[in-house]
Chemist: 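Dropping the structure in here first, questions after.
Convention: sequence-line order gives letters A, B, ...; per-chain numbering from 1.
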Amino acid sequence: MDPILKQIKPGAPLPPAFYRLTALEAAPRLLGQTLVRRTEEGDIRCRIVETESYGGIEDKGSHAYGGRRTARTDIMFGPGGTAYIYLIYGMYNCLNVVTGTEGDPQAVLIRAVEPLSSADEAAMRRYRGTAARKPADLSGGPGKLCRALDITKALNGLTLDQPGGPLWIEGGSMSERFGADEVIVQAPRIGIAYAEEYAAKPWRFYFRGNPYVSVIDKQAEVWPGDAGVADI
DNA sequence: GTAACGATTATCT
DNA sequence: GATAATCGTTACG
C-alpha cells in the first residue's frame, strides 16, 4: 500500500503533508480524490480522473521554467495547498493544485473530473451551457472542467486544504479510487510541444478507460505506484 | 509601448 | 484533421 495514500481518509481534507509533495509525486495521487466546489446553489462534488505534473524551475513545460517568478506565477512559488488558476488562449481557465515548499514552484494541472452523482452532473451541465453529448464533453479537459464548476481567476490563490471555502479537496473513497478494473497510467503531457526534451516526459496521469479523460494515449504505460516513496 | 503567443475548445471539412 | 476565437502575460526596447 502506498504510504502516502494510506494517510488519506475518505471525506476528510487531504493531510497538510500531501501538499508538500513534489508535483510529480502528487499528480498520480490526486487521482480519485474529491474536488468540492461550493456555489450559492449548493456543493458540486467530483472525482479527479486526469492530472499533469508541472514541477520545478528546470521543467521547460512549466510557467515557472527558469525561475520566472512573476505576478502570474508567484502563487506557484508559495507553499503547497493553494489554487493556481490562469487564463489560457484568452478564453479558458485552468486549475492547478500548488504543492511543494516555499520557493520551489510545483503545480498539478487538473485535466479531467467526473461528477459523483446525477445532481452533481446536472449542476455541471447548467454551468457548461452547451449540450455535452458524451462525458468528456462535460468535464474532460482543463478548460471544460473550469466551466462546468464555475472556476475562474476570482478563485486564484485560494486555499484548497480546508473545507468550507468555494473550493477544496477531500480524500476519495478507497473503493472508488481502486476499483477492480481501475488502473493508473502515465503518458506525455498535452499541448507543450515547445518544451523540447520535457515535452516527452510521461507526466500526465489518468485512469485507464475512464470516459471523462480528455485524450486517450494508446501507448500509455501503467504507473508503477509507490515504489521508493517515503512515508509522509 | 507593443508584438507574439499560449498547460484549449468548438466547429467545420 | 484544420482552424478561428480572444486576451492576459511576457519579453523586449
Chemist: Nearest to the side chain of Lys144(A), heavy atoms from C-beta on, is which of dT9(B), dT10(C), dA7(B)?
Modeler: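 Of dT9(B), dT10(C), dA7(B), dT9(B) is nearest to the side chain of Lys144(A).
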
Chemist: Within the pair His63(A) and dA7(B), is there a side-chain N or O less than 4.0 Å away from OP1 or OP2?
Modeler: yes

Chemist: From the options dT8(B), dT10(C), dT6(C), select the nucleotide whose nearest atom is closest to the side chain of Thr70(A).
Modeler: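 Nucleotide nearest to Thr70(A)'s side chain: dT10(C).
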
Chemist: What's Arg72(A) touching, base or sugar-phosphate or nothing? Going by heavy atoms closer than 4.0 Å.
Modeler: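 The answer is sugar-phosphate, as Arg72(A) gets under 4.0 Å only of primed atoms, P, OP1 or OP2.
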
Chemist: If pairing requires Watson-Crick or G-U wobble contacts with both distances under 3.5 Å, which nucleotide is the partner of dT6(C)?
Modeler: none

Chemist: Give the nucleotide from the list dT8(B), dT10(C), dA10(B) with an atom nearest to the side chain of Arg68(A).
Modeler: dT10(C)

Chemist: More than 12 non-hydrogen atoms from neighbouring residues, nucleotides or ligands closer than 6.0 Å to CD on Glu221(A), yes or no?
Modeler: no

Chemist: Describe the nucleic acid contact of Leu109(A) in one word from base, sugar-phosphate, nothing, applying a heavy-atom distance below 4.0 Å.
Modeler: base

Chemist: Tell me whether the count of non-hydrogen atoms from other residues, nucleotides or ligands lying under 6.0 Å of CD in Gln219(A) goes above 12.
Modeler: no

Chemist: Does the side chain of Lys153(A) get closer than 4.0 angstrom to OP1 or OP2 of dT9(C) through an N or O atom?
Modeler: yes

Chemist: Starting at OH of Tyr89(A) and ending at P of dA5(C), how long is that distance when rounded to a whole Å?
Modeler: 15 Å

Chemist: With the criterion set at under 5.5 Å between ring centres and under 30 degrees between planes, would dA7(B) be stacked on Tyr54(A)?
Modeler: yes

Chemist: Answer with base, sugar-phosphate or nothing: what part of the nucleic acid does Arg128(A) contact at a heavy-atom distance below 4.0 Å?
Modeler: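 It contacts sugar-phosphate atoms only.
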
Chemist: Between dT9(C) atom P and Arg69(A) atom CZ, what is the distance in whole Å?
Modeler: 17 Å

Chemist: Assess whether a salt bridge exists between Arg189(A) and Glu52(A), defined as any Lys/Arg side-chain N lying under 4.0 Å from an Asp/Glu carboxylate O.
Modeler: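 No, this pair does not count.
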
Chemist: Hey, what else clusters with Ile192(A) if you join Ile, Leu, Val, Met, Phe, Trp, Tyr whenever side-chain heavy atoms sit under 4.5 Å?
Modeler: Tyr54(A), Leu109(A), Tyr194(A)

Chemist: Quick one: on DNA chain C, does Tyr92(A) or Leu87(A) contact a more 5' nucleotide (nearest heavy atom)?
Modeler: Tyr92(A)

Chemist: What's Gly141(A) touching, base or sugar-phosphate or nothing? Going by heavy atoms closer than 4.0 Å.
Modeler: sugar-phosphate

Chemist: Is there side-chain contact between Val185(A) and Trp223(A), with at least one heavy-atom pair below 4.5 Å?
Modeler: no

